[in-house]
Asker: 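My questions all concern the structure below.
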Amino acid sequence: MNPARRHVPRLLVTALLLTLAVPFTATTLGQGRPASPTAPQGTPLTTQQPTDLSFVISGTGGKRFPIAIPPAIAPLNPELQGQVVDPFHSTLTDDLGGSNVFLVAEPGLFPKGMRPPVTREQGDAWIVSGAQFLLDTEIRPGPQITVVVHLYDLKTLKSVLDKTYTGEPRTARQMAHFLANDLVRWATGKPGPFLTKIAFSSDRDAPGFKEIYLMDFDGENQRRVTNYKSLSLAPDWSADSTKIVFQTYIKGPPGISIVMKEGGERRNVPVPTQLNASPSFSPDGKSIAYCGSVKGNPEIFVAGIDGSNVRRLTDSPAIDSTPRWTPSGRELAFTSNRQGSPQIYLMDLEGTNVRRLTFAGNWSDEASFSPDGSKIAFACRNEGDFQICIQDLLSARTVQISNGPGAHENPTWSPDGSKLAWELTRGNSTQIIIAGADGSNAKAVTSQGNNFSPAWSKSLE
């Protein structure tokens, strides 16, 4: 995108132009042994934390557990291998290898057999591969496959985590996500992002239309939520990750709608304003902040999810847009050009105590708060294309985490704070990128059509 064309935030440009143009069941995984409950309902682990741990210091300053993940033991069956064993292993390895918690050992160094390791020599043979822990899995086939898991501390040769999962063969990837979540919870006390979803807007169905889609946290299992044959834009999740609010043009001028994550009937949020862009759920799920226009001037409003109690928070001749709640729900960030170039501001829920957050560069937009509220990610520009920046709100230190050509915009945090997703426009293609929270291991996870405005679900399970 040519930055010179971006006189107001892109979503507002789209909305204003269109306003002129438009007339007035998931499979449940079974639990294993009572002593080691599985993760589908977020059951806390009772396994004790291991002792005598050594760590590898990651590039982001975290501590990581060195772990060996050999393929699961399973009967020699090509169909089982292709449909269950391989996707389970690749998903599990990708999940843990992409986390900031585990360091996956090199498979080429694994010893043959020795599972489980029962002698000191066998344990040492696994340690030589670069691991301190061995994740030993077995897959037992049947109408319902069973995955039996033991995590061995290679220093003590004792299992420190025992789990059993059951499910249909087609749920192999999902069971791997559940196991990865359990392992991260075992190591850190909280689950990872492996069961979370990302909502986004896509034009892949037909030119001129955009629908809301969902995908798994890693870009897999992309599926459509809406089918309105219109424009459905800028999704945002409720705090319990069951509902999605978005901007819609289904009936005339832009409005705000809510839909369940499974799709189904759309619920309109009736508000008296125009434009009605960038809706954002409050953390308590009772209110929606959005950008509405009054006599053509964009301002920030808050309304109940049923459209009641509409309150105008800003009153400025400037363009105020893109409201985003702080995790506490007590303040709102928004973008404004009230002091010249567009920058990000913060205000309380009465519209008072307005203060500027960003000062670096000549354009800052689309704030997204980290789950702990200590940082914001945003689209930043000094020269050339937009990039993704992160600002520490305590120190005000700002770093750029994206690089390369194209416009990097609309960042969103995973609910554990370990990852970011954003949209990247290069030429005529806009795709969604997922990366570590420091910008590492960035990869595109969409390719069909153009894909916009990723929004990460807000609950971990």
Side-chain angles (χ1 to χ4, degrees), residues 26 29 36-47 49-50 53 55-56 58-69 87-105 132-133 135 137 147 149 151 160-161 163 165 167 171-199 214-221 237 239-241 327 370-372 374-375 377 412-421 433-443 445 454-461:
L29 302 184
S36 344
T38 53
Q41 301 303 320
T43 308
L45 296 182
T46 57
T47 309
Q49 293 282 2
L53 297 181
F55 301 98
V56 173
S58 72
T60 57
K63 296 178 179 180
R64 304 177 71 180
F65 293 78
I67 188 172
I69 312 176
F88 177 85
H89 179 69
S90 62
T91 299
L92 183 61
T93 302
D94 288 346
D95 283 1
L96 298 182
S99 74
N100 292 326
V101 178
F102 291 94
L103 181 68
V104 177
Q132 185 184 333
F133 296 90
L135 185 61
T137 56
V147 181
V149 180
L151 180 66
V160 294
L161 178 65
K163 302 288 293 182
Y165 305 86
T171 66
R173 290 187 65 259
Q174 189 179 16
M175 285 191 283
H177 289 322
F178 277 126
L179 174 54
N181 249 24
D182 278 351
L183 289 165
V184 170
R185 186 193 284 109
W186 166 83
T188 68
K190 65 178 184 178
F194 314 113
L195 296 175
T196 60
K197 311 294 181 186
I198 297 174
L214 290 187
M215 60 182 167
D216 295 350
F217 94 103
D218 54 3
E220 296 289 336
N221 193 25
W237 291 84
D240 62 1
S241 298
S370 62
D372 64 2
S374 66
K375 303 178 182 68
T412 179
W413 293 84
S414 65
D416 67 338
S418 69
K419 296 181 182 295
L420 282 165
I433 306 296
I434 293 177
D438 59 356
S440 61
N441 302 315
K443 65 175 182 179
V445 291
W456 220 304
S457 60
K458 296 175 182 177
S459 63
L460 284 168
E461 294 182 304

Asker: Under the salt bridge (Lys or Arg N to Asp or Glu O under 4.0 Å) test, which residues partner K375, sequence neighbours left out?
Answerer: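 Expected list: none.
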Asker: Checking the side chain of K419 only, and the main-chain atoms of G98 only, is there a donor and an acceptor separated by less than 3.5 Å?
Answerer: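 The answer is yes, because a donor-acceptor pair under 3.5 Å joins these two groups.
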Asker: How would you list, by chain and number, every residue that makes a side chain to side chain contact (heavy atoms under 4.5 Å, CB included) with A239, sequence neighbours excluded?
Answerer: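 Testing A239 for side chain to side chain contact (heavy atoms under 4.5 Å, CB included), a comparison that skips the adjacent residues, returns none.
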Asker: For residues D416 and P193, report the shortest heavy-atom separation together with the two atoms involved.
Answerer: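 Minimum heavy-atom separation between D416 and P193: OD2-CD, 3.2 Å.
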Asker: Please identify each residue that fulfils side-chain hydrogen bond (donor to acceptor under 3.5 Å, both in side chains) with N441, with sequence neighbours left out.
Answerer: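 N441 satisfies side-chain hydrogen bond (donor to acceptor under 3.5 Å, both in side chains) with no other residue.
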Asker: Check S459 against P415 and note the closest heavy-atom contact, atom names and distance.
Answerer: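 Minimum heavy-atom contact is O-CG, 4.0 Å.
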Asker: Are the side chain of K458 and the backbone of W237 linked by a donor-acceptor contact shorter than 3.5 Å?
Answerer: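 Side chain of K458 to backbone of W237: a pair is present.
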Asker: Going through the checks in order, is the side chain to side chain contact (heavy atoms under 4.5 Å, CB included) test met by I434 and F217?
Answerer: CA-CA 9 Å; I434 293 177; F217 94 103; 6.0 Å; no
Asker: Any donor-acceptor pair under 3.5 Å linking the side chain of D216 with the backbone of D218?
Answerer: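 No; judged by distance alone, with no hydrogens or angles, the pair does not exist.
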Asker: Taking only distance into account, with no hydrogens and no angle test, what donor-acceptor pairs under 3.5 Å do side-chain atoms of residues 90-97 form with protein atoms, sequence neighbours excluded?
Answerer:
unit_1	atom_1	unit_2	atom_2	d
S90	OG	D86	O	3.1
S90	OG	P87	O	3.3
T91	OG1	P87	O	2.8
T91	OG1	R173	NE	3.4
T93	OG1	H89	O	2.9
D95	OD2	H177	ND1	2.6

Asker: Can you sort out the partners of A437 under side chain to side chain contact (heavy atoms under 4.5 Å, CB included), two or more places apart, ordered by chain and number?
Answerer: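 Here the qualifying residues are W413.
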Asker: Between N100 and R64, which heavy-atom pair has the shortest distance, and what is it?
Answerer: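 The pair with the smallest heavy-atom distance is O-CG, 3.4 Å.
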Asker: Check S414 against P371 and note the closest heavy-atom contact, atom names and distance.
Answerer: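 That would be O-CG, 3.3 Å.
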Asker: Only counting residues at least two apart or in another chain, list the ones meeting side chain to side chain contact (heavy atoms under 4.5 Å, CB included) with T412.
Answerer: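 Partners of T412 by the side chain to side chain contact (heavy atoms under 4.5 Å, CB included) criterion, ordered by chain and then number, come out as A421, P454, W456.
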Asker: Counting C-beta onward and ignoring hydrogens, is there a side-chain heavy-atom pair between F88 and L179 closer than 4.5 Å?
Answerer: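 Yes, at least one pair of side-chain atoms sits under 4.5 Å.
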Asker: Please report the closest heavy-atom contact between L195 and L460, naming both atoms and the distance.
Answerer: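 Taking every non-hydrogen atom into account, CB-O, 3.9 Å.
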Asker: Using the rule side-chain contact (heavy atoms from CB on, under 4.5 Å), only one of L161, V101, I69 pairs with L183; which is it?
Answerer: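 Among L161, V101, I69, the one that satisfies the side-chain contact (heavy atoms from CB on, under 4.5 Å) with L183 is L161.
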Asker: Any idea how F133 and W186 line up, ring-wise: parallel (<30°), tilted (30 to 60°), or perpendicular (>60°)?
Answerer: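 Answer is perpendicular, since the angle exceeds 60°.
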